[in-house]
Structures are given as structure tokens and as C-alpha cells.
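Everything below concerns the one structure shown next.
These figures come from a predicted structure and were not determined experimentally. If you read the sequence from its start, that first residue is 1, and numbering goes on from there.
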Amino acid sequence: MEEPRGLILFSKTPIGKEHFKSVLREKLVISLIISVIVSLVCYFIIDFGLVIAVVILIFLISFRNLKKITSVPLAVNLNHPFMEQNAVSSSEIMVNFSGNWIHPGESRLKLVKEDIRGWVVYKSDEDFTLLSVWESKLKESVLLKQLNIINQAISLDNAINETHDEFEDARDREEQESTLLEREWLPEEELDVQGPISRIFSSE
């Protein structure tokens, strides 16, 4: 899964790398617990060599889908909070549920299992808009965890862009005020027509 130009795959972001480590630790602990239990049970029944083989098999099964589990179909730009650096412009995110990168919008996403299309992702807006079919063979629990990460990315993306818009609006207002201050104003007595604000004050 190659990221769009100018964006970074979630797995390559600082948050994505931490997520991978977290899942790896979780898998490791579970595998160790299962291996110890199986080893204690089998030690008195079968030979030691077979116990080792069973333990190896347990680890292989546990880690076979590790890359797929941690490969969230999400890409962000450098200004997104997942990059853990100060944003200097608008944040941007894209998702890839069916082989094509698309913008998810501003609404949170919801996963639905349909009889014909399988897993389908909808926007949680007023119209419950269809976003994409999710072509995946992963378990529902894994897909829900990945979607939860994507929803967090959407919320953070909205927050950054709203802050950036407010900053841009404030800068525009500052520039407008600066331009107004630089104007050469005529004396009051030379103004033939009063403006709206002047009329309000004069009426008082």
C-alpha cells in the first residue's frame, strides 16, 4: 500500500511506530502465557522436542498477521498531530479501504457488515453517507481498532484545521486593520456623508 504524494503512511508516523510496538508487546505476552501453559501440560505427556515445536508454532500463528493488523489504511501529512510536530499549515488525511485513496471527510466513520458487500464504511453524518466498501479479511475486532485510530485522526485533523482557519482569519483581520490605519483620513467636517457607524453614534 503506497501512500499518496505528500502524505505519510500511518505505520511510518511516530504514533504508528508506537502502535506497532504496543501490539508487538501484547502479542508477545499472550504468546508467552499460552506457551508456558501448553509446555506445562505437554511436558508430562509428550517428549520435549515436540513441546518446542508446539511453542514455535504458537509464536508463528500469533505473529503471522502482525503487519496486517498494524497497517492501518491511513495516511497523513506533516501537519497532522500524528507526526508529533507543530503544524505550520492545514492538516490533511486520506484513507484507503478498497485500493483507492480518498478523503474521509469531517464526520466520524462507522463500520457495518452487509450481506452482499461485506464490510462497509459509512460517515456518521445526517444522511449516513456511504464512504467505501472495506476489502479486508481481518477480524471485526481488528477492523474496529483500526477504524478507531482513523476516527481519532479525523478528529485531530478537524481540530488542527479549525485552529488554522481561525489563525488565518485573525491574520486577515490584522492585515485589514493595518491597511485602515495606514489610510489618510479626511477631517470630520469634510465628510459630506456619514457612514453607518457614525450615524449610530450621532443618533445617540
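Within the structure, side chain to side chain donor-acceptor pair (under 3.5 Å) pairs that include any residue of residues 136-149 do not occur (at least two apart or interchain). Note on residues 130-153: pairs passing ring pair (Phe, Tyr, Trp, His ring centres under 6.0 Å), not counting sequence neighbours, are Phe97-Trp134. Contacts classified as salt bridge (Lys or Arg N to Asp or Glu O under 4.0 Å) and involving residues 109-123 (residues at least two apart or in different chains) are given here: Glu114-Arg117.
To the nearest 0.5 Å, atom CD1 of residue Ile150 and atom CG of residue Leu143 are 9.5 Å apart. We find the CD1-CD1 distance between Ile160 and Ile93 to be 12.0 Å, quoted to the nearest 0.5 Å. With rounding to the nearest 0.5 Å, the separation of CD1 in Ile69 from NE2 in His19 is 8.5 Å.
Scanning for salt bridge (charged side-chain N to carboxylate O under 4.0 Å, His left out) contacts around Glu18 gives Arg25, with sequence neighbours left out. Ile116 pairs by the side-chain contact (heavy atoms from CB on, under 4.5 Å) definition with nothing, not counting sequence neighbours. Every residue was checked against the salt bridge (charged side-chain N to carboxylate O under 4.0 Å, His left out) condition with Arg5, not counting sequence neighbours, and none meets it. Checked against side-chain hydrogen bond (donor to acceptor under 3.5 Å, both in side chains), Thr13 has no partners two or more places apart in sequence or in another chain. In this view, Ser155 satisfies the side-chain hydrogen bond (donor to acceptor under 3.5 Å, both in side chains) rule with no residue, not counting sequence neighbours. Every residue meeting the side-chain contact (heavy atoms from CB on, under 4.5 Å) condition with Leu156, not counting sequence neighbours, appears here in chain and number order: His80, Pro81, Phe82. The salt bridge (charged side-chain N to carboxylate O under 4.0 Å, His left out) test applied to Lys12 returns Glu3, not counting sequence neighbours. Among residues two or more places apart in sequence or in another chain, the side-chain contact (heavy atoms from CB on, under 4.5 Å) test is passed with Asp127 by Asp125, Thr129. Phe20 is linked by a ring-ring contact (aromatic ring centres under 6.0 Å, His included) to nothing, counting only residues two or more places apart in sequence or in another chain.
Across Ser132 and Ser98, no two heavy atoms sit closer than the pair OG-OG, 3.4 Å. Considering all non-hydrogen atoms of both residues, Gly105 and Ile154 come closest at O-CG2, 3.8 Å. Residue Asn77 comes nearest to Ser91 through the heavy atom pair OD1-CA, 3.6 Å, listed as atom of the first residue, atom of the second, then distance. Nearest heavy atoms, Leu147 versus Val121: CD1-CG1, 4.4 Å. Across all their heavy atoms, Ala153 and Leu74 have their closest contact at CB-CD2, 3.7 Å.
Put simply, the side chain of Gln85 gets close to the backbone of Leu78: a donor and an acceptor are under 3.5 Å apart. In this structure, the side chain of Asn158 engages the main chain of Glu106 through a donor-acceptor pair within 3.5 Å.
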Under the side-chain contact (heavy atoms from CB on, under 4.5 Å) rule, what do Ile149 and Phe10 come out as? Steps first, then yes or no, please. CA-CA 10 Å; Ile149 292 173; Phe10 172 77; 3.7 Å; yes
Tell me, with the steps shown, if Leu138 and Lys68 meet side-chain contact (heavy atoms from CB on, under 4.5 Å). CA-CA 8 Å; Leu138 294 174; Lys68 290 183 179 179; 4.0 Å; yes
Show your reasoning for whether side-chain contact (heavy atoms from CB on, under 4.5 Å) applies to Trp119 and Leu111. CA-CA 7 Å; Trp119 294 113; Leu111 185 65; 3.6 Å; yes
Given Val76 and Leu7, is the side-chain contact (heavy atoms from CB on, under 4.5 Å) satisfied, shown in steps? CA-CA 5 Å; Val76 303; Leu7 300 184; 5.8 Å; no
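Between Ile102 and Asn96 the shortest side-chain heavy-atom distance does not fall below 4.5 Å. Side chains of Val95 and Pro104 form a contact here, defined as non-hydrogen atoms less than 4.5 Å apart.
Annotation: Glu84, atom CD; neighbour count of heavy atoms from other residues, nucleotides and ligands within 6.0 Å is above 12.
Cluster membership for Met94 and Leu9, using ILVMFWY side-chain heavy atoms within less than 4.5 angstrom, is shared. Taken together through direct or relayed side-chain contacts under 4.5 Å among Ile, Leu, Val, Met, Phe, Trp and Tyr, Leu32 and Val23 form part of one hydrophobic cluster. Connection of Ile15 to Met83 is established within a shared hydrophobic cluster, with ILVMFWY side chains joined at heavy-atom distances below 4.5 Å, either directly or through further cluster members.
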